[in-house]
Colleague: 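Following this message is one structure expressed as structure tokens.
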Amino acid sequence: MNIEQLREFCLRMPLATEDIPFSTYPSIVAFRLAGKIFAMIDADKPTWFVLKCDPDYAIELREKYPEITPAWHMNKKYWNQVDIFGGLSDKFIEDLVRESYAKVAEKIPAKKLR
């Protein structure tokens, strides 16, 4: 999966938006649901992306897949960094994006998701 395919997939999530959240890092693109980030990509170095994850599942993924590591500059308990060009299948990457989106969605009041 390349960066453009990943971007398009993230934006297909219901109510997903994208923005550049950090003025000091203008190449970082964030994907949000109701203002909450569920994924981020570095457009200048499109070899990785960051996703939110259940803490126990995050540890399990890191132990099983060398392409998945604690996210740099994020709360490592909840955020994983995923190597786009590792051996992970596109379907598995899409599943991880869905999981991240769902993790964010569960904390958002239903009235904001309409």
Side-chain angles (χ1 to χ4, degrees):
M1 177 172 282
N2 65 41
I3 188 172
E4 191 56 37
Q5 291 168 318
L6 181 62
R7 177 184 174 269
E8 289 171 6
F9 185 77
C10 287
L11 289 174
R12 283 198 304 265
M13 299 281 94
L15 304 174
T17 60
E18 71 179 329
D19 63 53
I20 297 171
F22 311 114
S23 61
T24 54
Y25 298 101
S27 65
I28 303 294
V29 178
F31 299 92
R32 298 177 188 259
L33 170 62
K36 303 292 182 187
I37 295 172
F38 69 90
M40 287 192 296
I41 301 172
D42 186 340
D44 285 348
K45 299 174 190 168
T47 59
W48 59 266
F49 64 101
V50 175
L51 296 170
K52 194 160 194 177
C53 194
D54 172 79
D56 294 330
Y57 189 46
I59 292 168
E60 180 182 326
L61 290 170
R62 294 171 195 166
E63 290 174 351
K64 188 170 183 179
Y65 302 100
E67 299 90 348
I68 301 175
T69 57
W72 189 62
H73 279 310
M74 301 295 284
N75 184 329
K76 288 155 186 49
K77 181 176 179 179
Y78 298 102
W79 291 90
N80 279 336
Q81 184 167 304
V82 181
D83 181 350
I84 294 173
F85 299 113
L88 303 176
S89 72
D90 289 357
K91 182 187 178 324
F92 186 66
I93 290 172
E94 289 172 355
D95 289 345
L96 293 174
V97 171
R98 284 186 197 96
E99 172 75 22
S100 179
Y101 179 90
K103 197 76 191 149
V104 170
E106 71 185 24
K107 300 288 185 183
I108 297 172
K111 66 182 179 182
K112 286 191 174 187
L113 296 178
R114 293 184 193 143

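The figures here come from the full heavy-atom set of this structure, side chains too, leaving out hydrogens, waters and symmetry mates. Only a predicted model underlies this, so the values are computations on that prediction, with no experimental measurement involved.
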Colleague: Find the distance between CD1 (I84) and NZ (K45) and round it off to the nearest 0.5 Å.
Modeller: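 Rounded to the nearest 0.5 Å, the CD1-NZ separation comes to 13.5 Å.
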Colleague: Only one of E60, K76, K77 clears side chain to side chain contact (heavy atoms under 4.5 Å, CB included) with P55; which?
Modeller: K77
Colleague: Taking the six-membered ring for Trp, are the ring centroids of F92 and Y65 within less than 6.0 Å of each other?
Modeller: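 Between F92 and Y65, the centre distance is under 6.0 Å.
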Colleague: Apply side chain to side chain contact (heavy atoms under 4.5 Å, CB included) to residues N80 and T69 and explain how you reach the verdict.
Modeller: CA-CA 6 Å; N80 279 336; T69 57; over 6 Å; no
Colleague: Does the S100 side chain pair with the main chain of F38, one donor and one acceptor, at a distance under 3.5 Å?
Modeller: yes
Colleague: Run the side chain to side chain contact (heavy atoms under 4.5 Å, CB included) test on D42 and T47 for me, step by step, so that the C-alpha distance in whole Å, both residues' side-chain angles and the decisive distance to 0.1 Å come before the verdict.
Modeller: CA-CA 8 Å; D42 186 340; T47 59; over 6 Å; no
Colleague: Where the side chain of Y101 meets the backbone of A16, is there a donor-acceptor pair that is under 3.5 Å apart?
Modeller: no
Colleague: NZ of K36: more than 12 outside heavy atoms within 6.0 angstrom?
Modeller: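 Atom NZ in K36 is not crowded, with 12 or fewer foreign heavy atoms closer than 6.0 Å.
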Colleague: Hey, does the side chain of E99 reach the backbone of C53 with a donor-acceptor pair shorter than 3.5 angstrom?
Modeller: no
Colleague: Does D83 reach the main-chain N or O of W48 with its side chain, forming a donor-acceptor pair under 3.5 Å?
Modeller: no
Colleague: Taking the side chain as every heavy atom from C-beta outward, state whether P70 and R62 have any pair of such atoms under 4.5 Å apart.
Modeller: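 They are in side-chain contact.
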Colleague: Indicate yes or no: does R7 engage E18 in a salt bridge with an N to O separation below 4.0 Å.
Modeller: yes
Colleague: What's the separation between atom CD1 in I68 and atom CG in L88, rounded to the nearest 0.5 Å?
Modeller: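 Atom-to-atom, I68:CD1 and L88:CG are 5.0 Å apart.
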Colleague: Are more than 12 heavy atoms, taken from residues, nucleotides or ligands other than F85, located less than 6.0 Å from that residue's CZ atom?
Modeller: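 More than 12 heavy atoms, drawn from other residues, nucleotides or ligands, come within 6.0 Å of this atom.
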